[in-house]
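So that the names make sense, note that chain A is the first sequence line, chain B the second, and so on, each numbered from 1. Computed from a predicted model, the values in this text were never measured in an experiment. Below, each value reflects all heavy atoms present in this structure, side chains not excepted, and no hydrogens, waters or symmetry copies.
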Amino acid sequence: MRIRTYARYDAEVSRSASNISQTEPMTTGAPKPKVRLMLTCLCDAFFGEVGIATVRVLEHAGCTVVFDKDQTCCGQPPFNSGDWTAARLAAGHLMRTTLIHKDTVVTPSASCAAMVREGYPMLYTDMAHPEIFELGEYLVQHLKIETWPITAKKMPAKTKVAFHSSCHGRGIGLKGEQRQLLASLPWVELVPFDQGEQCCGFGGAFSANHPSISAGIGMEKLKNILESGADEIVGGDMGCLMQLNGLIKRNKLKIKTRHFSQLLAEGIGE
Amino acid sequence: MGDREAILTNLGKAGKKSRLPLPPAPMPALTYDALWEIFATKLEALGGRIGNLQDLEVILSRPHVLDVESATRLGRKSGGADVWAAEVGVTTVDLAIAETATLMLSTGPGRPRLASLTPTLHVALVPKERIVATMSEAFTQLTDRTTVLITGPSRTADIEGILVRGVHGPGDVLVIPV
Amino acid sequence: MKIPSVEKFSRDLATETVESVRSASVAKVDARSNALKIAFDDLEGARTQAAQIKDYVLDNLPNLLPQLELKCRLNGIEVHWAKNASSARKTILEICKAAAPEGGSIVKAKSMATEEIHLNKHLIKNGYEVVETDLGEYVVQIDDDTPSHIVTPIIHKNRKQVAKSFEREGLGPYTEVPSELAMQARHHLREKFREAKIGISGVNFAVAESGRIVLVENEGNNRLSTTAPDVHIAVMGLEKVLPSETDLPLFLRLLAGSATGQQMTTYIHMISGPRRKDEMDGPKEVHLVILDNGRSKVLNGPYKEILRCIRCGACLNVCPVYRQASGHAYNNVYSGPLGAVLGPALEGVEKLPDLAKASTLCGSCEEVCPVKIPIPRMLLQLREEANRKGLVKEMIPWSMFSVGSTSGFRWRLGLKMLPLAPIAKHPAKSGWEEFKDLPTKEGRDFRKWWNGRS
Ligand code: SF4
């Protein structure tokens, strides 16, 4: 993998790369799969609970989780907006802090996984598709977990879930892994709804520069979901859920949103 | 420089890219009767009909029948209505294609191009053994004549996606195996 | 901040129109998937094959087009080349003048290529009466509107609007029944077919090996337009050629399924030339106009694959943005995801710089495209090109973002300042806030939690 350098920020980028700081939890016993977490900027900024749930889920699945504290963002926001110089800078930083270690990288977002897997080879045309996995994909495809192992003593309250499969999940070839894990939770009832595969209307900067279209798409999605009688919307991408939640709050709709890792984490005993 | 040269210059040199071969033609595996059965089911789903020679008798006795070639071939007097005034157009066809209920008609002597188009009813006479399973198979028998493939009645769904038959072409298609 | 054109348009759109577009699109998406499921055991394989044949065509046009030209001539079809729209209009007008010097009526079958070169206006200016004969296109014409979908031109109208237009034009008594409206159009247009000396159509496919022009339609107006008048002029984008007749079944099935959810389109007209000596009807002259109009340039650039397009419209139907905005929003004859790429590709990013931004990049267009065009990838490339050339002003200053995203220290500092965001003023923030509440920090902070673990 050749990493190209770009003018002004070079010095800074290489400096930050040399100071990579890591905290690794103690490992004991048999060798566990080592997984490097790519937290995502949204979980970093707003949805810490999703990051926490992701770590707990991975550890419950037998992994040792490493988090590189200098990690920032995968670069998708500028990439999607057409500023590929800025995108390369962010991408370069993620490569230097996280991808460079050649460990398995897992992220609780199909969108960020898609950016690294499909977007980086567009930014660096001689780059092979990097290995990075979406959480559900990693659990099912690689750890072969088909049914979520529940250790919690007390069952969480029953909930009717409308599962939103993100477009980028389809884009990286997810085949319903997240849904499969959710379906294995006895307190979860998955309810189908019309136009299940339709986009939520987020699209990153699109939601700010095409606000009425974005909201129109999101409201159509919510209308279909509300008709299904679900208690909550569960998805695997905080981008989608942030979009839907913004509309839910503004329109005072009676439904909440959660990341699927949060439901899996509920099944883990202390 | 003329447009032709300008365009060809812009296009540059042809690439050498080879192409995937098409899948091999499937072996004929169904009897004529089985093929006709498929054809009939598909045609009826499209709003067309399968008929017999008695139906043809009744139709040929109607006024405004345009029938240049087929009736004569069957030993009947030829109807000769004006192509624009005709309410019924009778034609023979080259082939029937079972998988899509498609008729393949080439033009030629005694076969006006408009006979299967301007009337409200198109009657297609198909020799029983002139049926093939697939369009790929039918295409091996294309002639060099202008040919039209007809699948069911004329239709549109331009207004609110609602299906309407017979907008410009025949709204009624009657296929008679002979 | 300049509002992007598609967003701007959609804001003024009547709810009624959005609902028409939405319900029709949803129905078409369902019909498509049902039809293709029946038609193909291996749809993936079929799409790959079709994409590959189209790529072969795009790479071999310098051979295929002269071959097509030669075979057409042998069939008695006259071939003309037009490097741009004005050249095409000039050629077509010359053919019309020769055929009907005193003017008169021209019947037209639906064709995106003729929309692209704005042919109707030109012919009308030169004294011809041009009548669109596809039901939808006819409504578009009498309403002085433009098509909002490449397959279903009046997807944005409901039956009431059509009924009013027909009543206004005196086609018959007021009715809202679609079948009665269709019959009124049938009767009205019949006379036009009889009268017209010239018929103009597009081309769906042209077969190089046999010199045959292939036209695909459901109504019959296309066959009438290309059969009844003495002169038939077919206008074809140069990428529409196929090597061989054996390629047709694959494309015909993909097109029928993707465009209208049918197993096969009602009429496939395969024209091998004008009326022969032994024939009773058919045009006496057939002309094929091969149109470049920017295509050869696209062929040698990053958006080449968009020329695989067979104009099925599936990407429009499935597109969430198209459903909200309708086709007119794209300010271009080609709309939806196809138009967002083909428009700027043909006319230059400079002319349509913000069109590529009108997408959530959900990828459903690529998923349904029968020739697997990587539309999202090309939208990203177009955004990059527009940004690089400074054609659009970015809402978010990405160079600032780079400063934060290339250092763990500065990033963490930025996160600390986030609680101040609600009082900040920024166009991106107000864009988000217009219809949605801002996200707030919920629950624990990840980094604090991580650091606190032992
Ligand atoms: S881009 Fe693909 S899906 Fe869209 S109209 Fe063209 S062929 Fe159809």
Side-chain angles (χ1 to χ4, degrees), chain A residues 9 12-13 16 21 23 25 39 43-49 51-52 67 69-73 75 77-84 86 89-90 92-93 97 122 167-168 170-171 195 197-199 201-203 205-217 242-243 245-247 249-250, chain C residues 4 6-7 10-11 18 22 26 320-321 323-325 357-364 367 377 380 383-388 392 394-396 398-399 401-402 404-409 411 415 418 427-429 431-432 434-447 449-451 453:
Chain A
Y9 296 105
E12 280 170 358
V13 175
S16 65
S21 55
T23 26
L39 180 62
C43 291
D44 208 350
F46 300 111
F47 312 111
E49 290 293 342
I52 295 168
F67 173 60
K69 283 205 270 182
D70 278 337
Q71 202 182 84
T72 61
C73 165
F79 178 70
N80 282 3
S81 297
D83 189 338
W84 289 12
L89 286 166
H93 185 74
T97 54
M122 286 173 75
C167 301
H168 282 158
R170 290 201 313 278
Q195 303 283 310
E197 300 253 289
Q198 272 286 305
C199 177
F202 176 51
F206 174 84
S207 59
N209 55 37
H210 290 73
S212 84
I213 297 179
S214 169
I217 300 171
M242 180 171 84
Q243 153 91 354
N245 218 10
L247 290 166
K249 283 190 187 154
R250 174 64 54 90
Chain C
V6 175
E7 165 77 7
S10 81
R11 282 173 178 260
V18 179
R22 192 200 63 82
V26 170
V321 176
R323 288 182 183 183
Q324 295 292 325
K357 292 222 170 192
S359 165
T360 65
L361 300 174
C362 74
S364 46
E367 288 165 31
R377 192 202 82 205
L380 284 164
R383 291 177 185 189
E384 193 272 338
E385 190 182 339
N387 179 284
R388 179 163 30 85
V392 283
E394 287 301 323
M395 221 174 210
I396 297 160
W398 295 114
S399 55
F401 175 88
S402 306
S405 66
T406 48
S407 139
F409 173 71
W411 180 259
L415 289 178
L418 204 64
K429 182 175 157 265
W432 175 277
E434 191 179 348
F435 300 100
K436 299 181 283 262
D437 279 10
L438 282 177
T440 49
K441 204 169 169 73
E442 283 160 20
R444 292 167 286 178
D445 177 78
F446 179 81
R447 287 173 186 267
W449 174 82
W450 180 267
N451 290 334
R453 296 205 328 159

Charged tip of Lys436(C) within 45° of Trp432(C) ring normal and under 6.0 Å: yes
Choice from Asp44(A), Leu39(A), Asn245(A) maximising heavy atom contacts with chain C below 4.5 Å: Asp44(A)
Verdict with supporting geometry, His93(A) and Cys73(A), side-chain contact (heavy atoms from CB on, under 4.5 Å): CA-CA 8 Å; His93(A) 185 74; Cys73(A) 165; over 6 Å; no
Full working for side chain to side chain donor-acceptor pair (under 3.5 Å) between Ser214(A) and Gln243(A): CA-CA 9 Å; Ser214(A) 169; Gln243(A) 153 91 354; 3.2 Å; yes
Between CZ on residue Phe202(A) and CE on residue Met242(A), distance to nearest 0.5 Å: 4.0 Å
Residue, of Gly75(A), Ala215(A), Cys199(A), that accumulates the most heavy atom pairs under 4.5 Å with chain C: Cys199(A)
Selection from Val392(C), Asp445(C), Leu418(C) maximising heavy-atom pairs under 4.5 Å formed with chain A: Leu418(C)
Chain C contacts, top residue of Arg170(A), His210(A), Gln71(A) (heavy-atom pairs, under 4.5 Å): His210(A)
Interface residue of largest heavy-atom contact number with chain C, from Pro78(A), Cys43(A), Gly51(A), Gly48(A), under 4.5 Å: Pro78(A)
Heavy-atom closest pair, residues Ser81(A) and Asn387(C): O-ND2, 4.3 Å
Distance, nearest 0.5 Å, that separates CZ of Phe47(A) from CZ of Phe446(C): 15.0 Å
Which of Gly203(A), Cys167(A), Gly201(A) touches chain C most, by non-hydrogen pairs under 4.5 Å: Cys167(A)
Partners meeting side-chain hydrogen bond (donor to acceptor under 3.5 Å, both in side chains) with Glu434(C) (sequence neighbours left out): Arg11(C)
Region of Phe206(A) in contact with chain C, defined by heavy-atom distances below 4.5 Å: side chain
Max heavy-atom pair count under 4.5 Å with chain A, selected residue of Ser359(C), Gly363(C), Ala428(C), Gly404(C): Ser359(C)
Pick from Leu361(C), Leu380(C), Leu415(C) with the largest number of heavy-atom pairs that fall under 4.5 Å of chain A: Leu380(C)
Contacting moiety of Val18(C), where chain A heavy atoms sit under 4.5 Å: neither
Chain A contacts, top residue of Glu7(C), Arg383(C), Lys441(C) (heavy-atom pairs, under 4.5 Å): Glu7(C)
Spacing of Asn80(A) atom CG and Thr360(C) atom OG1 [to the nearest 0.5 Å]: 10.0 Å
Chain A contact via Phe435(C) - which portion, at a heavy-atom distance below 4.5 Å: both
Residue Arg447(C) versus chain A: region with a heavy atom under 4.5 Å: side chain
Evaluation steps, side-chain contact (heavy atoms from CB on, under 4.5 Å), between Arg377(C) and Met122(A): CA-CA 9 Å; Arg377(C) 192 202 82 205; Met122(A) 286 173 75; 3.3 Å; yes
CH2 on Trp398(C) to CH2 on Trp84(A), rounded to 0.5 Å: 14.5 Å
Contacts of Ser405(C) that satisfy side-chain hydrogen bond (donor to acceptor under 3.5 Å, both in side chains) - sequence neighbours left out: none
Part of Glu385(C) within contact of chain A (heavy atom distance under 4.5 Å): neither
Contact leader toward chain A among Arg22(C), Glu384(C), Lys357(C), Arg388(C), where contacts are heavy-atom pairs under 4.5 Å: Glu384(C)
Residue among Cys362(C), Ala325(C), Gly443(C) with most heavy-atom pairs under 4.5 Å to chain A: Cys362(C)
Chain C contact via Gln198(A) - which portion, at a heavy-atom distance below 4.5 Å: side chain
